[in-house]
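Following: one structure in structure tokens, then a few remarks.
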Amino acid sequence: DSGVTQTPKHLITATGQRVTLRCSPRSGDLSVYWYQQSLDQGLQFLIQYYNGEERAKGNILERFSAQQFPDLHSELNLSSLELGDSALYFCASSLTGKNTEAFFGQGTRLTVV
Amino acid sequence: AQSVTQLDSHVSVSEGTPVLLRCNYSSSYSPSLFWYVQHPNKGLQLLLKYTSAATLVKGINGFEAEFKKSETSFHLTKPSAHMSDAAEYFCVVSPFNQAGTALIFGKGTTLSVSS
């Protein structure tokens, strides 16, 4: 158990809908990362937060947004969903967000039908 | 720019034989380097990390990796493969002291272990 909690574990929704994925980091970690993993794209970095502020942005679509709250949990919002958004979404956390390892949650498997 | 290249997309070994998964990195400074493992339908688990201390790093489950600056390599090895080692392995670089730059993942190497 990495100490990073992601909910829900599975999500099935229709095209055009909006969903929210939630992540609770390890106790004491200030930085949260979001990654998307699909068969064709592999592991893609989406966005990173540190202590509530956006730190780095990767290949995140405009239809996607995220935030980190004062209690350090994070949410990833995916809207106007398309079939191609079906993937595993991972959250990871680290102590400082730089030069250190990250610990990954078990992921949320999103299926868009 | 920082990058990491895993030289083999797929490696097949027999149980009890050595494992070698190759990784080269590109970094202007001494980076932190990691290996993660992902079993099917599971999250990523940290196997080991290099953070500028000893160049030979020991990890979990008998894996180790050697940091070779002259070759810009960080290959993962295990003396004797076990069936449970079959998984996807990712080499990862964390750029040195660069806030706001996320972990950079290689494309992964699938390890198959046959009996």
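Chain letters run A, B, ... following the sequence lines, proteins first and then strands; every chain starts at 1. These numbers were taken from a predicted model, which means no experiment stands behind them.
Residue B:Leu44 touches chain A through both its backbone and its side chain, counting heavy-atom pairs closer than 4.5 Å.
With values rounded to the nearest 0.5 angstrom, A:Leu88 atom CG is found 7.0 Å from B:Gln38 atom CD. Between B:Phe90 atom CZ and A:Gln37 atom CD the span is 5.0 Å, to the nearest 0.5 Å.
Within residues 67-76 of chain B, no residue has a heavy atom under 4.5 Å from a heavy atom of chain A.
Put simply, A:Leu21 and A:Tyr33 are part of two different groups of oily side chains (I, L, V, M, F, W, Y) that touch within less than 4.5 Å, one to the next. Residue A:Trp34 is not grouped with residue A:Tyr50 when hydrophobic side chains (ILVMFWY) are merged at heavy-atom distances under 4.5 angstrom, including chains of intermediate members. With hydrophobic clusters built from ILVMFWY side chains whose heavy atoms lie under 4.5 angstrom apart, A:Phe69 does not share a cluster with A:Ile47. Residues A:Leu39 and A:Leu83 do not share a hydrophobic cluster, clusters being chains of Ile/Leu/Val/Met/Phe/Trp/Tyr side chains in contact below 4.5 Å. A:Val32 and B:Ile104 fall into different hydrophobic clusters, where Ile, Leu, Val, Met, Phe, Trp and Tyr are joined by side-chain heavy atoms under 4.5 Å apart, directly or via other members.
When all heavy atoms of A:Phe90 and B:Lys42 are compared, the closest pair comes out as CZ-O, 3.7 Å.
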Validation: residues 102-111 of chain A side-chain donor-acceptor distances under 3.5 Å, sequence neighbours left out:
unit_1: A:Thr108; atom_1: OG1; unit_2: A:Pro8; atom_2: O; d: 2.5
unit_1: A:Arg109; atom_1: NH2; unit_2: B:Asn41; atom_2: OD1; d: 3.4

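Put simply, of B:Glu88, B:Lys107, B:Lys49, the one with the most heavy-atom pairs under 4.5 Å next to chain A is B:Lys49.
Side-chain atoms of B:Leu103 and A:Tyr35, non-hydrogen and from C-beta on, do get closer than 4.5 Å to each other.
Within 6.0 Å of CD1 in A:Ile12 there are 12 or fewer heavy atoms belonging to other residues, nucleotides or ligands. Within 6.0 Å of NE2 in B:His10 there are more than 12 heavy atoms belonging to other residues, nucleotides or ligands.
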